Amino acid sequence: MSPRRLVVAFRWHSVETEPLRYLAAAERVSRRCSRIGGRSISWSADRYAFDFDAESFRLVLKTVVELLSEANTHAAGIAFRELFSDEAARHWGPSLVVAEALAGKAAAGEVLLDPEIAEVQLNLLVTLGTIAVRVGDQRIAAVLLLPGSCPADGFSLESAQTRASVLDSPTAPASVSVAPSGGRVPSLKAPSIPLLREALAAQERPSVVEALRSRDPVLMTRLVNELRESGGHEVLASRLEAMATLARGDIRTGLSLLESAAQAARINGLDEECQAVLAYAVGLSQVGRSEQALLQALRGLSSARRRGDAQGERAAAQLVGQLAQAAGEPSVAEHWLGLVAR
């Protein structure tokens with residue numbers, strides 16, 4: 001039986017890009033992975049993978065979080081299963097298959113984690129819930145980690161001190177197995193944010209990120225309730241509630257809630273000022289107020305730079321680029337999105 005290996009797969013976020021930009025980004029990822037002991041095991045049109053020793057997980061995850069934070073050009077999947085190789089140095093196995101499937105499901109800037117990773121099972125990471133990912137005729141309950149919404153290494157500060165002793169414990173939970181297609185998706189023990197516990201089987205992506213993308217007010221409202229019940233997420237819950245209000249067609253109330261949150265953050269000097277302003281900008285763009293949205297995005301950029309918030313600065317620059325692209329200004333969009341990539 002082949003040893004289990006940690007495999008990280010990266011997927012380029014777009015099918016249309018300049019070849020030199022893609023190759024430069026791929027080389028950057030490859031250098032960083034090699035620097036921490038990674039071995040290139042797969043390369044295809046839009047994704048590439050590296051394998052590592054299981055003991056390297058913390059350093060590997062930190063590196064992946066850094067790479068995705070520095071440039072929102074890739075999605076990533078991390079798996080820990082069997083990996084086989086032959087004399088010709090060709091590699092195949094469940095770990096590579098699962099890692100590439102996770103990378104394929106993740107959106108740009110997201111990391112999806114295999115539930116068989118011990119640190120995931122032991123709830124040591126700051127994640128945003130569980131996502132059903134199809135791998136062949138099975139589904140696995142992958143865990144979403146979003147750089148920028150978690151510590152730099154992805155680990156919960158509360159669990160960092162006890163991590164070593166817990167992982168060595170003989171009572172550590174067994175691996176979470178995959179469920180047949182059509183069956184109930186297994187949920188992880190004690191998820192860090194218990195989003196939609198009863199909806200994991202029915203929803204394809206029961207997470208804050210997917211709720212915002214779907215613009216489904218019902219799903220957003222259920223998530224708002226979950227966040228408030230779990231405690232400590234009022235700021236996020238309030239923004240999500242405002243977006244749900246917009247999705248229901250109550251534009252005046254929704255924008256008013258987002259604007260009030262942005263003003264309060266600005267007046268009170270909150271660390272969430274950039275996020276609040278950008279949320280308002282997104283809300284404005286969704287109802288067709290592009291010029292106002294651009295102004296708010298630039299305000300968010302200014303706030304991020306003033307506070308030294310590199311992640312916020314990249315998010316603001318990306319939003320400015322997207323708004324410019326939507327306004328039919330490709331050269332302006334290319335400039336701003338190029339800043340994000342660099």
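Values below: all heavy atoms of this structure, side chains included; hydrogens, waters and symmetry mates excluded. Note that the structure is predicted; figures quoted are calculated from it, not measured.
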Salt bridge present between Glu119 and Arg58 (N-O < 4.0 angstrom): no
Nearest non-hydrogen partners of Ser95 and Val7, listed with the distance: OG-CG2, 3.3 Å
Neighbour count above 12 (heavy atom, 6.0 Å) for Glu259 CD: yes
CD-CD distance between Gln318 and Gln322, expressed to the nearest 0.5 angstrom: 4.5 Å
Short N-O contact, Arg222 and Glu226, less than 4.0 angstrom: no
Working for side-chain contact (heavy atoms from CB on, under 4.5 Å), residues Leu83 and Leu96: CA-CA 7 Å; Leu83 185 69; Leu96 178 57; 4.0 Å; yes
Would you give me the side-chain donor-acceptor pairs under 3.5 Å for residues 249-257, sequence neighbours excluded?
{"residue": "Asp250", "atom": "OD1", "partner": "Thr253", "partner atom": "N", "Å": "3.2"}
{"residue": "Asp250", "atom": "OD1", "partner": "Thr253", "partner atom": "OG1", "Å": "3.0"}
{"residue": "Asp250", "atom": "OD2", "partner": "Thr253", "partner atom": "OG1", "Å": "2.9"}

In one Ile/Leu/Val/Met/Phe/Trp/Tyr side-chain cluster, 4.5 Å: Leu20, Phe10: no
For the student: nearest non-hydrogen atoms of Met243 and Leu258, plus distance: SD-CD1, 3.7 Å
Lys/Arg N to Asp/Glu carboxylate O, Glu241 vs Arg228, below 4.0 Å: yes
Salt bridge (Lys or Arg N to Asp or Glu O under 4.0 Å) evaluation trace for Glu100 with Arg11: CA-CA 8 Å; Glu100 291 202 343; Arg11 179 180 60 83; over 6 Å; no
Asp51 and Arg5 ion-paired at < 4.0 Å: yes
Nearest non-hydrogen partners of Val29 and His74, listed with the distance: CG2-CE1, 3.9 Å
Straight-line distance of Leu144 CG to Leu112 CG, nearest 0.5 Å: 6.0 Å
side-chain contact (heavy atoms from CB on, under 4.5 Å) between Trp92 and Val97, worked out: CA-CA 7 Å; Trp92 185 89; Val97 172; 3.8 Å; yes
Minimum-distance pair of heavy atoms, taken over all atoms of Val277 and Gly300: CG1-N, 3.6 Å
Test side-chain contact (heavy atoms from CB on, under 4.5 Å) applied to Val8 and Ile78, step by step: CA-CA 5 Å; Val8 181; Ile78 305 179; 4.0 Å; yes
NZ or CZ of Arg39 within 45° of Phe52 ring axis and under 6.0 Å: no
Side-chain ion pair, Glu82 and Arg4, N-O less than 4.0 Å: no
ILVMFWY network linking Ile36 to Val65, side-chain heavy atoms under 4.5 angstrom: yes
Geometric class of the Phe155/Phe57 ring pair [parallel <30°, tilted 30-60°, perpendicular >60°]: perpendicular
salt_bridge(Arg307, Glu273) N-O dist < 4.0 Å: yes
Leu125 CG to Ile117 CD1 distance, which is reported to the nearest 0.5 Å: 8.0 Å
Sequence-distant partners of Ser40, side chain to side chain contact (heavy atoms under 4.5 Å, CB included), two or more places apart: Phe50
Common cluster, Val64/Leu59, ILVMFWY with side-chain heavy-atom separation under 4.5 Å: yes
Leu61 CG to Glu66 CD distance, which is reported to the nearest 0.5 Å: 10.0 Å
Test side-chain contact (heavy atoms from CB on, under 4.5 Å) applied to Ile140 and Arg134, step by step: CA-CA 7 Å; Ile140 64 172; Arg134 188 174 296 278; over 6 Å; no
Ser30 side, atom OG; Trp43 side, atom CH2 - distance, nearest 0.5 Å: 7.0 Å
Shortest non-hydrogen contact between Leu146 and Glu110, atoms and distance: CD1-CG, 3.6 Å
Arg28 to Leu67 - nearest heavy-atom pair and separation: NH2-O, 3.2 Å
